[in-house]
Amino acid sequence: MHESLTIGQLSDRSGVAPSALRYYERLGLIRAERTGGNQRRYARVELRRVAFIRISQQVGISLEEIRAALDSLPASRTPTASDWARLSTIWRERLNERIRLMTKLRDDLDSCIGCGCLSLQRCTLYNPGDTLAGEGPGARLMLSRAGDEAEAGVTPS
């Protein structure tokens, strides 16, 4: 492979641990050729794919979604700026929802968790009798109330 990188070199250049690179390879996110001695060799273009993976993860995209995005590229090529623009448009609404929820959590953190009063009359997470258990795991009230406020045009306090 012309101008190839060892796993150590790819790790050094990308800032990603070799164990993570092997995991990315196992998931099909990056590709390596093998030498006669069965050592991994990565094409330099894999640096860009690793950067794409890391940036996508930092904005909250799952590895499964990243793999689907990379698989959607013609001839499994490295993402270009126009590819990133197309994918970010697809992911934009979900990212905006995450931003809204994180903003609500940040704004409610002091009054909900930080106050220490544990007021069941004001608590947005209170779930008497665990009535929401059937709706699935997670903070169901926080998510549903945040959505209700957004639909009603209410700015979270």
Side-chain angles (χ1 to χ4, degrees), residues 7 10-32 40 42-43 45-157:
I7 193 166
L10 183 61
S11 175
D12 289 343
R13 294 278 311 275
S14 67
V16 175
S19 59
L21 294 172
R22 287 189 290 274
Y23 183 64
Y24 292 168
E25 185 181 347
R26 200 166 47 249
L27 293 178
L29 299 171
I30 61 175
R31 290 164 192 80
R40 289 176 171 87
Y42 297 92
V45 297
E46 296 301 323
L47 277 168
R48 188 174 178 116
R49 288 177 73 92
V50 172
F52 175 83
I53 293 164
R54 298 298 294 160
I55 291 167
S56 300
Q57 284 183 302
Q58 287 174 358
V59 297
I61 306 301
S62 71
L63 289 176
E64 182 178 310
E65 292 170 293
I66 294 168
R67 182 178 55 221
L70 290 170
D71 288 348
S72 75
L73 299 174
S76 300
R77 66 172 163 70
T78 301
T80 63
S82 63
D83 293 325
W84 180 252
R86 178 179 54 84
L87 294 170
S88 66
T89 298
I90 294 168
W91 294 334
R92 184 176 308 276
E93 184 56 38
R94 198 166 43 120
L95 294 174
N96 285 337
E97 176 66 12
R98 284 186 181 164
I99 291 167
R100 191 182 58 69
L101 286 172
M102 293 300 290
T103 301
K104 178 165 178 40
L105 177 61
R106 180 204 62 207
D107 293 347
D108 290 349
L109 194 61
D110 290 338
S111 64
C112 177
I113 298 169
C115 75
C117 76
L118 300 177
S119 170
L120 299 183
Q121 287 75 36
R122 295 184 305 135
C123 181
T124 60
L125 300 177
Y126 181 54
N127 181 19
D130 198 20
T131 57
L132 296 176
E135 291 186 26
R140 312 304 296 175
L141 289 174
M142 178 67 95
L143 296 174
S144 65
R145 289 193 179 146
D148 293 343
E149 290 172 352
E151 288 177 17
V154 175
T155 304
S157 56

Euclidean distance, [Y] [atom2] relative to [X] [atom1], rounded to 0.5 Å:
X: Leu21; Y: Ser14; atom1: CG; atom2: OG; value: 5.0 Å
X: Phe52; Y: Ile30; atom1: CZ; atom2: CD1; value: 13.5 Å
X: Arg40; Y: Arg22; atom1: CZ; atom2: CZ; value: 6.0 Å
X: Glu25; Y: Glu46; atom1: CD; atom2: CD; value: 8.5 Å
X: Arg31; Y: Leu70; atom1: CZ; atom2: CG; value: 7.5 Å

Taking Asp83 for the side chain and Thr80 for the main chain, is one N or O donor matched with an acceptor at less than 3.5 Å?
-> yes
Does Ile7 offer a backbone N or O that forms a donor-acceptor pair with the side chain of Ser11 under 3.5 Å?
-> no
Could you check whether any side-chain heavy atom of [X] comes within less than 4.5 Å of a side-chain heavy atom of [Y], counting everything from C-beta outward?
X: Tyr24; Y: Arg54; value: yes
X: Tyr42; Y: Leu47; value: no
X: Leu29; Y: Arg49; value: no
X: Leu95; Y: Ile61; value: yes

Please check if atom CZ in Arg67 has more than 12 non-hydrogen atoms from other residues, nucleotides or ligands closer than 6.0 Å.
-> yes
List the atom of Arg86, the atom of Ser72, and the distance in Å for their closest heavy-atom pair.
-> NH2-OG, 3.6 Å
